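Predicted model only: the values in this text are computed from it and were never measured.
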Amino acid sequence: MPVKTCIPLNISRMDTWSLKEKIVQQRRSLFDQGYLDEQFIQLEELQDGANPNFVEEIVTSYYADSVRLIQNIDQALAKHPFDFEKLDNYMHQFKGSSSSIGAKKVVLECSQFRKYCAAGIAEGCVKTFQLIKQEHAMLRVKLEAYLHLLSSTGRT
């Protein structure tokens, strides 16, 4: 009896194989380059047939929430003198949110920012926050590309 496949008619077996290989490579690079940690793997393990878009939904929620937190930090950094306690509280929230999706580089920079807050080093906070925003934006681009590839196979 022939084996049925779920491959769309317009995608050949070779295209499917190369797409799957590309997904594997892209995912591996997210970890190898230090963008993600094991928390992301745990999110992937929670995704199942009952909630096939779980990871995408969590990532989308993270970015919606993080925009607000980044704006709060930007506004707090615009006020002088700095309220280091308020900055630290905002960053604590942002770090926790970032940690929940496994955003390793973002979390590391958040930790550095909090050290500068504790030491009252305004310049360190400003410079580190710029790095945080860069890492946050880069991770977003990389995750969106990865999730897009996954969705093209119906695996999100």
Taking [X] for its side chain and [Y] for its backbone only, find out whether a donor-acceptor pair lies under 3.5 Å.
X   : Y   : value
N53 : E56 : no
S61 : I58 : no
S99 : G96 : no

[atom2] on [Y] to [atom1] on [X], rounded to 0.5 Å:
X    : Y    : atom1 : atom2 : result
L149 : I23  : CG    : CD1   : 5.5 Å
Y90  : I73  : OH    : CD1   : 8.5 Å
L69  : H92  : CG    : NE2   : 11.5 Å
R114 : T128 : CZ    : OG1   : 13.5 Å
C110 : Q93  : SG    : CD    : 11.5 Å

Side chains of [X] and [Y]: closer than 4.5 Å at any heavy-atom pair?
X    : Y    : answer
V55  : L46  : no
Y63  : V67  : no
L143 : I101 : yes
R27  : E44  : yes
K142 : M138 : yes
L87  : Y116 : no
S29  : Y35  : no
E57  : N51  : yes

Looking at [X] and [Y], what are the two nearest heavy atoms and their distance?
X    : Y    : answer
A145 : Q26  : CB-NE2, 3.2 Å
F84  : C125 : CE2-SG, 4.0 Å
S152 : L19  : OG-CD2, 3.6 Å
K95  : S111 : NZ-OG, 2.9 Å

Side-chain heavy atoms nearer than 4.5 Å, only ILVMFWY residues, links allowed to pass through others: does that put [X] and [Y] together?
X    : Y    : answer
L147 : L139 : yes
L30  : V107 : no
L77  : L131 : no

Take E21 and Q25 through the test side-chain hydrogen bond (donor to acceptor under 3.5 Å, both in side chains) and record every step on the way to the result.
CA-CA 6 Å; E21 183 63 26; Q25 289 173 356; 3.2 Å; yes
Criterion side chain to side chain contact (heavy atoms under 4.5 Å, CB included) on M91 and C117, from CA distance to verdict
CA-CA 10 Å; M91 191 55 67; C117 280; 5.8 Å; no
Is the ring pair H80/F82 parallel, tilted or perpendicular, if the boundaries are 30 and 60 degrees?
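Parallel.
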Any donor-acceptor N or O pair under 3.5 Å, side chains Q75, Q71
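No donor-acceptor contact under 3.5 Å links the two side chains.
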S98 versus Y62, side-chain donor and acceptor atoms under 3.5 Å
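Yes, because at least one side-chain N or O of Y62 sits under 3.5 Å from a partner of the opposite role on S98.
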Would K127 and E123 count as a side chain to side chain contact (heavy atoms under 4.5 Å, CB included) if you check the C-alpha gap in whole Å, the side-chain angles of each, and the deciding distance to 0.1 Å?
CA-CA 6 Å; K127 287 182 180 179; E123 185 178 326; 2.9 Å; yes
Just wondering, more than 12 heavy atoms not from K105 lying within 6.0 Å of its NZ?
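Atom NZ in K105 is crowded, with more than 12 foreign heavy atoms closer than 6.0 Å.
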Checking I70 now: which residues fulfil side chain to side chain contact (heavy atoms under 4.5 Å, CB included) with it, not counting sequence neighbours?
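I70 satisfies side chain to side chain contact (heavy atoms under 4.5 Å, CB included) with D74, F94, F129, K133, H136 once adjacent residues are dropped.
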